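Structure first, then comments.
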Amino acid sequence: MLPGKAFFKKVVRLFCLPLAFVLFTLGGYGQQGRTVADFDKGWHFHLGDVSGGEKAGVNDGNWRVLNLPHDWSIEGKFSKDNPASPEGGALPGGIGWYRKMFTIPADQKNKLVYIDFDGVYQKSDVWVNGHHLGFRPNGYISFRYELTPYLNWGGKNIIAVKVDNSVQPNSRWYSGSGIYRNVWLVTTNKVAVDHWGTYVTTTNVSNNSATINFDISIRNGGPLSPSQDDFIAEPFQLKTFIYDQKGIEIANSSSKNLTSTLDGNVKSYKQEITIKKPNLWSVNNPYLYKIVTKVYVFNKLSDTYTTPLGIRYFNFDADKGFSLNGKPMKILGVCNHHDLGSLGAAVNTRALERQLQMLKAMGCNGIRTSHNPPAPELLDLCDKMGFIVMDEAFDCWEWKKAKYDYHLYFKEWHKRDLEDQVLRDRNHPSVFIWSIGNEIPQQGDTSALRIAPELAGIVHSLDKTRPITSANDNPGKGNKIIQSGAIDLIGYNYHEYDYAKFHDRFPGKKFIATETTSGLETRGHYDMPSDSIRVWPSRWDKPFTEGNPDNSVSAYDNVRPAWGSTHEATWKVMKKYDFLSGMFIWTGFDYLGEPTPYSWPSRSSYFGIIDLAGFAKDIYYMYQSEWTNKSVLHIFPHWNWDPGKTVDVWAFYNNADEVEIFLNGKSAGIKKKTGDDLHVMWRLKYEPGTLKAVSRKNGKVVLTREIHTAGAPAKIELVADRRKIKADGKDLSFITVRILDKDGNLVPNAANMINFKINGEGFIAGVDNGDEVSHDPFKASYRKAFNGLALAIVQSKEKSGNITFTATSAGLQMATVVLTAR
């Protein structure tokens, strides 16, 4: 049985523990036999190389003290001369050192102690008490080192980490720099479940029953007490319990009289449980069970280990596409890079949750982790919230895309890195697809005939329950990855004009659109006419010298790069054919780096359906009207133009037969979608006043929307997404800053400088406005509005209390919002 409420009060995360059970975050937790401590606090940091920085005698007293996760690049200044280039976000890299002093009580000397890093970018070296534990070049992989042999029990210990992100460019997008994911100190008994040591699969799944199969790896770490000099065989027992979402035990299994020599090796043991009438995990009902594995030695509890469980079955069919739990559906996904806007690469669970909540409200049900293993917290959230994840490993193999990227390490490290990714992530019910690569340069070379099967073999040696794909930007018959037969799903990047001919090219094969669209928009900017398509750039390898002087892009969904297509054009094809199992749009959110179609002074992307600050672009509502049953009526653009200008007015709508537009009370006509239309449009002569839209079904009004001509900026409005946050030093409130006229209308071209002041138990973690060209710092107490909006992110401290946040701007009425941290 569970050890009761005391257990839940200390839970943060046990490896892949789903957030359905992560309800309390006190910085660490213990279960009988195992503790996992939050190791993020109180690190000393120095930017720049330090000779002998790993040595115990180094004076780090004048180093900066900070808490992890930490990204030092996001704190830097934008410059086209930074080695990362605008493609990599135009922010600085370099070398950084982290050091932390800690103690392990002397009475723990018979325990095993490990340090777990969820991700360090990049080329990390780790020492404890001057002993080099290891080197990992991959900036996205999670890894563990054992500390036990090198500890000063009851005394002072020093962990030192050198992070080298100085040799650039090593990425095609913003990577961030530092220990940017969480770190954990894990203590176990000598006999315990190994690192990522459970593998759970489900078979014979139906609404009536499901068989749960367990493959449990036990590490025997040595003699059970200092008095035992020899490695001896000892009996132990495994017990496995399944709990439902309410914490009620519903099944268990026990394996007795198991033996294994205590020689530091790992041995696997199998168990099986059948449960009746399971709650099936789906995107609309992401029901999570919990598995608790207990290890007993000499009839005493030695270890407790928790694993998430989502019971579901799915299928990719060559003709019918994708089905989940026997029900046909399309994967409606987006690709996302790992940065969190003004927070940089430093992972934050609430920031990830906010992104997923916005995508879920749009109707999105899938995430592709472009182009690397994600933070564990992202998968925890996808488990809990109901997203289908394509878990991607590599952006390149042996051939480079950037001069200093992973191709330098692929031969030596790909096996270890891929194994670690699959071992870490394979119990997540949200993970449905493994991707072994993105737009691999070798896809047209015979070397892919060797590498692709090797990578697929590594994956399938650890997990045979999920299909493998590769995201191919040249998905023709000459593609050697496809020819190798290594992939289960043929992944198409773009080429939507070829979708209908897929089976002519690949008879009997299964399709997935691994990357689509690449539509370009700047939130709140509109170029006329809206029905002419701009191809920016006209070739991927040709410098772009056209465009707008301010580096803006029209938000009408009429701008695309040469390799991509507009949002509407892609979705029209995708929705037409059943065999098209799903899509992953490039991208859900804008991200730092890759500022297509422009380069400097632009420093972030234009691809997002949602901008870098988290403000939806207009195209968001097209997807919401198509992907959800929620009634939608969205009209745009704003209604502040020069008198007499011809303005195209678009409306995205659903659950209605028609939309009528009124300008200052006079009807401008009724429009209805015909054929495969996804929007309706009016071409109007601008006159100031009120633009009103009314949608109707069977003659009855469904929704009404109004846009008013805004006057001069007069006041600030603050809208906090959450006024109550946790006093845990990590929780966030995202405050939208709106510039309004005297009547409360958003001023669509407002660019006022806004100053922020904060008092109480919080601090400003970041500011932004969604402008792809802004070079103002993200770590600041001010921000200009961009097209009427700005964002401030408030992070809690570790004490309960109020947080008073105030925004002021010259000539505007100030605004204040009070948050509570508890």
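Here the structure is a predicted model, which means the values were calculated and not measured. Both backbone and side-chain heavy atoms feed into the values below; hydrogens, waters and symmetry mates do not.
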- Task: May I ask you to check whether H638 and Y526 place their ring centers less than 6.0 Å from one another?
- Result: yes
- Message: For W173 and Y140, take the angle between the two ring planes, folded into 0 to 90°, and tell me which bin it lands in: parallel under 30, tilted 30 to 60, perpendicular over 60.
- Response: tilted
- For E761, check salt bridge (Lys or Arg N to Asp or Glu O under 4.0 Å) against everything at least two apart and list the hits. none
- Message: Just so I know, are the side chains of Y591 and N336 near enough to count as touching, which here means a heavy-atom distance under 4.5 Å?
- Response: no
- Task: Describe, in one word, how the ring planes of Y98 and F45 are oriented to each other, choosing from parallel (under 30°), tilted (30 to 60°) and perpendicular (over 60°).
- Result: tilted
- Query: Is there a donor-acceptor contact under 3.5 Å from the side chain of N165 to the main chain of S177?
  - Reply: no
- Item | Y598 side chain reached by E772 side chain, heavy atoms, under 4.5 Å | no
- Mind checking salt bridge (Lys or Arg N to Asp or Glu O under 4.0 Å) for D776 and listing every partner two or more places apart, or none if nothing turns up? none
- Task: Please work out which of the three classes, parallel, tilted or perpendicular, describes the rings of H371 and H337, given edges at 30° and 60°.
- Result: perpendicular
- Message: What I'd like to find out is whether the side chain of Y409 reaches to under 4.5 Å of the side chain of N138, using heavy atoms alone.
- Response: no
- Item | Residues in side chain to side chain donor-acceptor pair (under 3.5 Å) contact with W63, at least two apart in sequence or another chain | none
- Item | Atom OH of Y404: over 12 foreign heavy atoms under 6.0 Å | no
- Evaluate the ring planes of F39 and W43, with Trp represented by its six-membered ring, and classify them as parallel (under 30°), tilted (30 to 60°) or perpendicular (over 60°). perpendicular
- Item | Single hit among N67, T349, D40, N348 for side chain to side chain donor-acceptor pair (under 3.5 Å) with K730 | D40
- Task: Could you give me the CA-CA distance, side-chain angles and deciding distance for F143 and F135, then say whether ring-ring contact (aromatic ring centres under 6.0 Å, His included) is met?
- Result: CA-CA 10 Å; F143 56 92; F135 166 74; 9.8 Å; no
